[in-house]
Amino acid sequence: MITTSINGQYGEIDTQEKVSIVFQEFNGEPEFPDSGQGIPLWAYVIGGLLLFTIIVLLIVLTRRKRAKEDNDEEYMMFEKEVHESKPQEVPSIEEREDEGTRKRKQLEKMAKEKPEDFAKLLRSWIAED
């Protein structure tokens with residue numbers, strides 16, 4: 001049955017044409033060709049610049065925060081001093097009692113008590129002028 005199922009086209013196989021693999025003993029470390037696949041120098045330079053920039057920004061931000069805290073403390077101390085100090089008394093202005101001030105006071109009193117009469121008085125003064 002095997003002889004009938006094999007096709008006759010294969011023919012005879014020449015073993016001399018076949019390639020064989022020879023095993024050699026391992027002598028030391030294997031040598032690999034230098035492929036140059038490392039991190040290039042420019043990548044180190046850019047990384048260093050970025051790191052330097054980040055450090056500078058952190059320093060600036062911390063200084064700004066400290067300055068703001070100092071200003072806040074100074075402002076709080078100033079407010080405390082202002083609130084604790086006594087307000088200065090302003091001397092009142094003494095008005096002379098003459099005819100002009102009496103008329104002004106009467107007009108102010110009239111404007112508060114009788115605004116309609118005061119408006120009529122103003123209209124009559126404007127009409128006379």
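Positions are given from 1, in the same order as the sequence printed here.
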Legend entry - Atom pair NZ/CG of Lys114 and Leu121 - distance to nearest 0.5 Å: 12.0 Å
Legend entry - Asp72 (side chain) donor-acceptor with Tyr75 (main chain) under 3.5 angstrom: no
Inset, instruction - Hey, could you give me the CG/OG1 distance between Leu57 and Thr62, rounded to the nearest 0.5 Å? - result: 10.5 Å
Legend entry - Heavy-atom pair of closest approach, residues Ile39 and Tyr44: O-CE1, 3.6 Å
Inset, instruction - Show your working on side-chain contact (heavy atoms from CB on, under 4.5 Å) between Arg123 and Lys120 and close with a plain yes or no. - result: CA-CA 5 Å; Arg123 285 188 205 121; Lys120 288 179 185 176; 4.3 Å; yes
Legend entry - Arg104 with Glu108: basic N within carboxylate O range, under 4.0 Å: yes
Legend entry - Listed once per pair and sorted, the salt bridge (charged side-chain N to carboxylate O under 4.0 Å, His left out) pairs that draw on residues 59-69, sequence neighbours left out: none
Inset, instruction - Would you mind reporting whether Arg102 and Lys105 have side-chain heavy atoms less than 4.5 Å apart? - result: no
Inset, instruction - Output the distance between atom CG (Leu107) and atom NZ (Lys109), rounded to the nearest 0.5 Å. - result: 12.0 Å
Legend entry - Connected via hydrophobic side-chain network under 4.5 Å: Leu51 and Ile59: yes
Legend entry - Within one Ile-Leu-Val-Met-Phe-Trp-Tyr cluster: Leu50 and Trp42, side-chain cutoff 4.5 Å: yes
Inset, instruction - Verify the neighbour count for atom CD of Glu116: are there more than 12 heavy atoms of other residues, nucleotides or ligands below 6.0 Å? - result: no
